[in-house]
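The chains referred to below are lettered A, B, ... by the order of the sequence lines, with proteins before strands, and numbering in each begins at 1.
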Amino acid sequence: MAESRITPRAQDFAAWYQDVVLEGDMAEPAEIVKGCMVIKPNGYAVWEALQREFDNRFKETGHQNVYFPLLIPQSFLQKEAEHVEGFSPELAVVTIAGGKELEEPYVIRPTSETIIGHFFARWIQSWRDLPVLINQWANVVRWELRTRMFLRTSEFLWQEGHTAHSSHEEAFEEVLRILDIYAEVAESVMAMPVIKGMKTAGEKFAGALRSYSIEAMMQNGLALQAGTSHDLGQNFGRAFDVKFQTNEGKLDYVWQTSWGVSTRLIGGLIMTHSDDKGLVLPPRVAPWKAVLVPIYRKDEERAAVLEAAGKIAAELKIKLDDREGQTPGAKFFHWERRGVPVVMELGPRDLASGNVVLKRRDTGAKEVVPQSEAGARLEATLASIQQNLYGTAKARLKENCVLAESIEQIEEILTPVTAEKGGGKFVLAHLKDDPRCEERLKEFKATIRCIPMVDEWGGGGKCLITGEAVPQRVVVAKAY
RNA sequence: CGGGGCGUAGCGCAGCCUGGUAGCGCACCUGCCUUGGGCGCAGGGGGUCGUGUGUUCAAAUCACACCGCCCCGACCA
C-alpha cells in the first residue's frame, strides 16, 4: 500500500539522500558515464531558479556574463605552481582530436582562472581598463574518485566569476561582496542558513591568497561548503603577465578574484529541508509553487470539478494535475515526493461549499479556505513555508554548534559521526590556522571548515594544539 | 585507487550453489469499475540476463577480464 521506498533518515542518511534525489525526480546517475549524472527537469528547474537569483545579483553589482572555451592548453595550468599541483590529479585531458594526436594536449577545464588570465593580459593595459567584472555559467570537469549526485560529480554546472582590480583593497571588497551575495541567496532564497568564514591555508583554493566560503549544516550535522570566493592576490596576474599602468605611470600586476557556486547547492538544499516522505523545496526555488488535484466520482462531477479547477489553476498560475486514471491519493504522493510546497484539492464537497483545500508540504497541515481567498491564502502559505523552513534549519544549526575546550573533546564529539549515521556537529574551538592542527584533526576525519567572519562564540583563547594565542574560535566539523 | 556489496523487463527482486534456452510484484497498454492519501477485476505488451572472452552438445547459471552503481577508506566544489 502506501509504502514509501525512501529509506528513513535515521536508518541511513546517505541512502535516504539518494532515494530523495531519485524519487523526487531530480537526477539520476548517468550509468554509462562514470561519475556523472543526468539532471532531470525537476532538478534542472531548481538550478534555473538559482541561476536567476544569482545572475540578477551579479548584474546588479556590475558583472557581465561571458563564455570561455571548455578546452585549455595543458601548459596554462602549469603557469601557476600551486594551481597545477592542486588540480593535476583530477584533470581530464584531450590528447587526440580530428583523428590526430595533438601537439599540446588540452585539459577540460576544472576551472577557468588560467585561460581567463591569458585573456585578461590581452584586454588590460591601463588602470582605466579596470575593474574587469565578468562571470560565466559553465560546466567543469574534475575527475573524482567518489561521487554523489549533486554533491560531487565528475562534471558539474556552476558559475565562475572572475574579476581584475587595480588594488588589493578593491579586490578584497569584491571577494566579500560576492560572499555576501552567496550567503543572502542561500538564506533568503534557499532557506539554508550558512556561516561565512575564511578557509584555512590548507583548505584554500589552489593558487589563491585567501579563500572564503559559506558553510551550511546538513540534517546529519555534516558541513557542506556551499560557495567560495577567492582573493587571488597577484598570483595569476604574475603567472599570466596581466600588467597595467597605474595613474602614476607605473606598471603593476592586477589584483584578481574568483568565486563560484555550483549545482552542489541543490544537494545542500535537499539535505537541509527534505524529510522521510521525500523532497521538500522552499517555495522560492520550487518549479511548481502549488499543484491542484481535482477530485470526482461520477462523470457529472468530473466535468464540473475540472471546469472549476481549471479556472482556479489558471487564476493562481499553478499546475492542474488533470491526469486520467490516477486516483487523487496517488497524485498526492506523487507531488509530495517531488517537494511541491502546496498541494490543493478541489472536489464535489468544495464545489458545493465554495471552498478549496490547501495542504502544505513542510508541516502537512491542511486548511480549507473560500475559493475567493485562495490566491491570498496561497501566497501567505508559501511565505509561511519559506519562513518555517529557514527557521527550522537555523534552529538546527544553532543547536548543533557546540563549544569544545580540548582536542580530545572534539574527537569525542565527532568520532561517532558518519555520513550515514549522522550526529554531526559544528564544534567551535580555539585552533590556529596551522598544518599541525589540521594534521591532528585529520586523525578523526574532521577539518577546520572556516574561521567565522562574525565571531558569535566568545572571542580569543589559546590554540588547543600549538598553545599560541588565537583571536577566536574556528568551526571544526566533518564535511562532504 | 584499495576493501565490501550489487548488476536478470521501466522499477524492486527470485532463479545461479546442483548448466537444459527466464519468472514474480509494481509500473505500462485495452476494457469495465473506481476516485477526499498509493482502488479493483479481466485481458495484454515488453528482457542482447552489465560487456567481452573462455569451458561445454548446451551458459542468466561455471571461469577469467573489463565496465558501471552503492557503501567504507585515501583525494576533492
Side-chain angles (χ1 to χ4, degrees), chain A residues 1-5 7 12-15 17-19 22-23 28-37 85-91 110-111 140-160 182 199 202-206 211 213-216 223-230 258-268 277 293-299 301-302 305 321 323-337 343-353 355-357 359 364 366 368 418-421 442 445 447 479-480:
Chain A
M1 283 271 97
E3 243 173 335
S4 169
R5 301 232 293 288
T7 309
D12 185 336
F13 193 86
Y17 173 74
Q18 203 191 350
D19 290 346
L22 293 171
E23 292 296 314
E28 63 183 61
E31 89 274 20
I32 46 168
V33 186
K34 186 176 170 59
C36 293
M37 64 173 169
E85 195 190 328
F87 280 106
S88 285
E90 43 189 289
L91 293 179
T111 180
V140 287
V141 169
R142 300 179 185 178
W143 214 249
E144 298 289 350
L145 300 178
R146 184 174 168 190
T147 58
R148 299 168 193 260
M149 283 186 288
F150 291 114
L151 298 174
R152 174 164 296 106
T153 47
S154 288
E155 179 187 9
F156 58 93
L157 304 181
W158 77 345
Q159 60 71 215
E160 46 178 325
Y182 287 169
K199 301 303 270 188
E203 294 272 329
K204 73 178 172 62
F205 176 73
S211 288
S213 73
I214 53 172
E215 300 284 329
L224 184 79
Q225 178 175 309
T228 49
S229 185
H230 311 293
S258 69
W259 27 274
V261 292
S262 71
T263 38
R264 168 179 259 201
L265 284 175
I266 296 171
K277 294 173 183 167
V293 175
I295 296 158
Y296 43 79
R297 293 166 198 274
K298 309 183 177 76
D299 275 354
E301 286 176 355
R302 180 175 174 279
V305 168
D321 184 356
R323 290 175 295 163
E324 294 292 337
Q326 291 256 42
T327 61
K331 292 178 181 180
F332 296 146
F333 279 102
H334 177 79
W335 296 113
E336 183 171 76
R337 268 182 319 211
V343 173
M344 297 173 65
E345 307 172 20
L346 186 77
R349 289 208 301 258
D350 307 303
L351 235 45
S353 63
N355 290 327
V356 61
V357 180
K359 183 174 183 189
K366 268 191 192 185
V368 182
T418 65
E420 322 84 73
K421 298 297 178 195
K442 208 170 175 181
K445 285 151 202 126
T447 48
Y480 277 100

In whole Å, measure the gap between the [atom1] atoms of [N] and [M] for me.
N: rA14(B); M: rU56(B); atom1: P; value: 31 Å
N: rU8(B); M: rC13(B); atom1: C1'; value: 9 Å
N: rC71(B); M: rC28(B); atom1: P; value: 29 Å
N: rC26(B); M: rA22(B); atom1: P; value: 23 Å
N: rG10(B); M: rG50(B); atom1: P; value: 12 Å
N: rG15(B); M: rC24(B); atom1: C1'; value: 11 Å
N: rC39(B); M: rA27(B); atom1: C1'; value: 15 Å
N: rG19(B); M: rA60(B); atom1: P; value: 14 Å

(Q) Please tell me if K34(A) has a side-chain N or O lying less than 4.0 Å from either OP1 or OP2 of rC70(B). (A) no
(Q) Whether R349(A) contacts rG36(B) is assessed here as follows: a side-chain N or O lying under 4.0 Å from the phosphate OP1 or OP2. Is that the case? (A) no
(Q) side chain to side chain contact (heavy atoms under 4.5 Å, CB included), that's the test. Do M149(A) and I266(A) meet it? Break it down for me. (A) CA-CA 10 Å; M149(A) 283 186 288; I266(A) 296 171; over 6 Å; no
Side chain of [X], heavy atoms from C-beta onward: which of [options] has the nearest atom to it?
X: E144(A); options: rA77(B), rU35(B), rA74(B); result: rA77(B)
X: K442(A); options: rG36(B), rC75(B), rC71(B); result: rC75(B)
X: P348(A); options: rA77(B), rG36(B), rA74(B); result: rG36(B)
X: F156(A); options: rA77(B), rG36(B), rA74(B); result: rA77(B)

Q: With RNA chain B as reference, determine whether L145(A) or W158(A) sits nearer its 5' end, using the nearest nucleotide of each.
A: L145(A)
Q: Let me know, please, whether G227(A) or A330(A) comes out on the 5' side of the other along RNA chain B by nearest nucleotide.
A: A330(A)
Q: Over all heavy atoms of both residues, which pair between F332(A) and V343(A) is shortest? Give the atoms and the distance, please.
A: CD2-CG1, 3.8 Å
Base-pairing assignment for [N] (Watson-Crick or G-U wobble, both under 3.5 Å):
N: rA9(B); result: none
N: rC28(B); result: rG44(B)
N: rG2(B); result: rC72(B)
N: rA14(B); result: none
N: rU56(B); result: none

**Q.** side chain to side chain contact (heavy atoms under 4.5 Å, CB included) between F156(A) and M37(A), intermediate numbers included
**A.** CA-CA 9 Å; F156(A) 58 93; M37(A) 64 173 169; 5.7 Å; no
Q: Would you indicate whether the side-chain heavy atoms of W158(A) and R264(A) approach each other to under 4.5 Å?
A: no
Q) Taking only residues two or more places apart in sequence, or in another chain, which ones meet T228(A) in a side-chain contact (heavy atoms from CB on, under 4.5 Å)? A) S213(A), Q225(A), H230(A)
